[in-house]
Protein chains: 2
Amino acid sequence: MNNTTSEKVRRKPMTARELARMIGVSQSAISRAFTPGASIAPQLRAKILRHAEDVGYHPNAIASMLSKSRTNIVGIVISDMQNPFYPALIERLSRGLQRIGLQSLMFNITKGADLEEQLSALRRYNVDAVIIISATILSGPTLRWATEDRAAILINRVAEDAELSCVICDNIEGARAIADHFHEIGRRRIAYVAGLSHTTTNRERQSAFITRIAEHGMTLSALIDGGEYSYYAGRNAALDILARGETDAIFFANDILAVGGVDALQENGVRVPEDIAVAGFDDIAMAGWPHYSLTTFRQPIDTLVDVTVTMLEDGSCAPGKLPTIRRISGELIKRRSTMGAASPA
Amino acid sequence: MNNTTSEKVRRKPMTARELARMIGVSQSAISRAFTPGASIAPQLRAKILRHAEDVGYHPNAIASMLSKSRTNIVGIVISDMQNPFYPALIERLSRGLQRIGLQSLMFNITKGADLEEQLSALRRYNVDAVIIISATILSGPTLRWATEDRAAILINRVAEDAELSCVICDNIEGARAIADHFHEIGRRRIAYVAGLSHTTTNRERQSAFITRIAEHGMTLSALIDGGEYSYYAGRNAALDILARGETDAIFFANDILAVGGVDALQENGVRVPEDIAVAGFDDIAMAGWPHYSLTTFRQPIDTLVDVTVTMLEDGSCAPGKLPTIRRISGELIKRRSTMGAASPA
DNA sequence: GCGCGCATTGCATACGTATGCAAGATTGGC
DNA sequence: GCCAATCTTGCATACGTATGCAATGCGCGC
């Protein structure tokens with residue numbers, strides 16, 4: 001079609017058959033030389049690899065996929081790159097997958113557009129597994145459809161009506177830890193700020209937190225749904241709470257909300273933590289910045305990734321297997337936003 | 001191998017041949033029904049698509065790739081997800097690519113590891129094009145190797161010794177705009193903070209800025225290489241400058257540095273912008289947050305993406321073509337960090 | 001020296017779709 | 001109503017690797 005002006009002829013890559021003829025072996029031998037554990041004499045393999053190196057032969061992964069019905073590609077479905085937690089997670093996840101020879105095909109979901117169309121590629125590309133990180137958007141039927149007949153893992157959310165394996169931070173443990181911490185530092189009138197209230201992470205954090213608050217005999221002074229997990233939603237929620245008064249500690253459903261909340265409070269002359277203590281969830285990089293020094297419940301990203309990679313490796317998330325839910329312990333990180341200047345920066 | 005305990009038999013996906021036999025047409029017809037513009041009667045196509053829908057047939061993209069020698073996959077090489085500019089860019093880029101039917105295969109480069117090994121998959125997977133966003137790391141020979149014989153575009157960096165097409169924001173325009181702005185608001189002793197001094201973006205911004213400073217007869221009071229594009233590098237650089245005194249405006253090579261700088265300055269009692277004005281580059285989301293309200297030169301991400309997508313579409317970055325460099329105009333965003341409270345938040 | 005077993009190799013075919021070519025079907029013009 | 005031109009369709013094969021099976025070669029034990 002468009003080979004109109006190519007100057008250098010784009011030489012077609014060498015095939016195994018060509019290399020085989022060149023060396024005087026069969027094409028099978030070439031294939032075996034590149035297949036770990038295949039039945040081939042070490043010296044023949046060495047010879048083939050040497051020649052391959054010389055002439056720049058690389059096995060064609062596409063042909064291999066077709067032949068093996070295995071792509072070594074994992075589809076990663078995401079929708080929210082605004083929350084820094086997700087880029088951090090995706091970066092480490094893709095590294096973890098690369099370690100075991102898997103590549104990551106990104107499916108960036110746009111709200112409002114036709115989901116099935118966006119995810120149809122997920123099926124056509126025959127990805128070996130699907131990892132869904134999007135906290136929102138995907139409904140049960142869509143989830144089932146997207147993951148039908150293939151390995152699937154949800155990270156940082158649970159499947160409600162679909163039966164899928166999940167790897168999540170223990171939101172209940174985290175929410176309780178925050179509640180306990182607020183109690184310990186003497187706060188009694190507590191507000192909770194949800195991100196998207198219907199997301200599974202929020203539901204777990206919210207209910208565990210409210211329950212624990214009650215167990216401690218503390219007062220839930222405000223319960224706000226920010227409507228999205230964003231800096232500005234956090235700001236607005238904080239201002240709402242401020243307007244009502246009667247709150248001395250706020251637990252934001254995640255760090256990006258909390259960061260917005262801290263800024264809004266401080267701009268309005270509220271001292272954090274003297275007047276209002278603030279805690280978040282995730283431990284994104286920003287939470288550790290001296291300016292925010294935000295107390296938060298750290299999601300152990302590395303562990304989440306390791307567990308996910310292991311589940312893919314051992315096939316425990318293969319289709320037909322019983323789905324498993326792995327709740328990973330996190331860690332309460334106490335910082336200045338609840339402890340005051342006494343704490344380490 | 002591991003079909004030991006699969007309960008439901010994983011039914012193999014239907015093939016075009018099976019569907020063809022089922023309907024009583026040839027496999028070619030199936031293929032044509034799914035190929036836009038193929039020679040097939042509309043009613044036959046409709047019939048085939050209807051049956052396909054019924055039985056859940058989806059063309060196997062892998063086989064199609066092998067047959068067409070075209071994958072519709074673009075390899076995206078990245079290395080720095082810490083700087084929020086990159087997640088934002090990648091998100092919009094992958095959306096833009098999806099619009100024209102391309103999927104994004106992510107290659108997350110780890111510093112220090114074997115680059116060729118990490119990028120070898122780039123070749124084996126026969127991606128149609130390579131988009132390199134990593135500002136650092138890739139040397140000329142590696143670049144050439146990774147992009148040999150395939151369409152390639154660099155975003156936000158230029159190729160120095162390799163001959164590759166680039167799409168970049170006009171760093172020179174941006175740096176001059178910042179210098180002009182500093183001059184306009186009456187600053188005269190100016191500091192520049194580099195991120196990684198050897199990156200092409202830094203070189204362009206730095207030299208254009210310094211030149212312009214001199215043209216205005218302003219003093220370059222400090223020139224610091226932060227060593228990396230990070231919040232903490234920005235903090236350290238700001239503290240360095242503070243220790244020397246003699247500076248009333250700082251241009252940080254990008255926003256994440258500037259944000260760190262602003263925090264460090266304010267923690268040390270410096271008023272921004274009264275004592276020291278601060279400007280960055282990129283216009284990441286954070287720069288617009290009321291707390292930072294950072295004057296910056298906005299990289300027009302949407303335009304960068306559109307231009308990139310267009311170059312892929314029209315084949316102007318195909319191998320053998322002369323590489324083109326597209327410099328995209330940006331926009332100076334004046335905010336409180338140079339204008340004071342007078343400016344809009 | 002013979003036979004057996006194992007390691008190595010090649011042969012042939014499968015994987016599922018795309019497409020050049022030729023044959024058949026349809027249309028339009030006169 | 002006939003012929004040519006165009007549109008449709010099927011046939012056959014290509015794409016490049018993986019792998020079951022058979023054949024070969026080698027070493028070892030008796």
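Letters A, B, ... are given to chains in the order of the sequence lines, protein chains preceding strands, and every chain is numbered from 1. All values below come from the heavy atoms of this structure, side chains included, with hydrogens, waters and symmetry mates left out.
- One distance of note links CZ of A:Arg17 with CE of A:Met22; it measures 14.0 Å at 0.5 Å rounding.
- Between B:Tyr57 and C:dT17, a side-chain N or O to OP1/OP2 separation shorter than 4.0 Å is present.
- A salt bridge links A:Arg70 to A:Asp128: one of the charged nitrogens lies within less than 4.0 Å of a carboxylate oxygen.
- When the side-chain nitrogen and oxygen atoms of B:Ser64 are compared with OP1 and OP2 of C:dA18, one or more of them lie within a distance under 4.0 Å.
- Taking side-chain N and O atoms only, A:Ser31 has a distance below 4.0 Å to OP1 or OP2 of D:dA18.
- One finds no salt bridge joining A:Asp306 and A:Arg92 here, because no Lys/Arg side-chain nitrogen approaches an Asp/Glu carboxylate oxygen to under 4.0 Å.
- Per the geometry, CD1 belonging to A:Ile48 stands 13 Å off P belonging to C:dT8, to the nearest Å.
- Between A:Arg70 atom CZ and D:dT19 atom C1' there is a gap of 16 Å when expressed in whole angstrom units.
- Across all strands shown, A:Thr15 has heavy atoms under 4.0 Å from sugar-phosphate atoms exclusively, and none from any base.
- When distances are taken from the side chain of A:Ser39 to each of D:dT8, D:dA18, C:dT8, the shortest belongs to C:dT8.
- Atom-to-atom, CZ of B:Arg17 to P of D:dT13 comes out at 13 Å; the value is rounded to the nearest Å.
- When distances run from any side-chain atom of A:Ser26 to the nucleotides C:dC11, C:dT17, D:dT17, the shortest one goes to C:dC11.
- Atom NZ in A:Lys68 sits roughly 18 Å away from atom C1' in C:dT13 (whole-Å rounding).
- Per the geometry, CD1 belonging to B:Ile23 stands 15 Å off C1' belonging to D:dG10, to the nearest Å.
- Looking at every heavy atom in both residues, B:Gly101 comes nearest to B:Asn72 through O-CB, 3.7 Å.
- By the neighbour-count criterion of 12 heavy atoms within 6.0 Å, atom CZ of A:Arg326 is sparsely surrounded, having that number or fewer from other residues, nucleotides or ligands.
- If you measure from atom CD of A:Gln27 to atom P of D:dG16, you get 11 Å, rounded to the nearest angstrom.
- The side chain of A:Arg32 lies closest to C:dC11 when the candidates are C:dC11, D:dG10, C:dG16.
- If you find the closest nucleotide of DNA chain D to B:Ser28 and to B:Leu66, the one lying nearer the 5' end belongs to B:Ser28.
- If you measure from atom CD1 of A:Ile40 to atom P of D:dC26, you get 17 Å, rounded to the nearest angstrom.
- For A:Ile30 and D:dG16, the CD1 to C1' distance is 12 Å, given to the nearest whole Å.
- The residue among B:Leu44 and B:Ser69 whose nearest nucleotide of DNA chain D is located toward the 5' end is B:Leu44.
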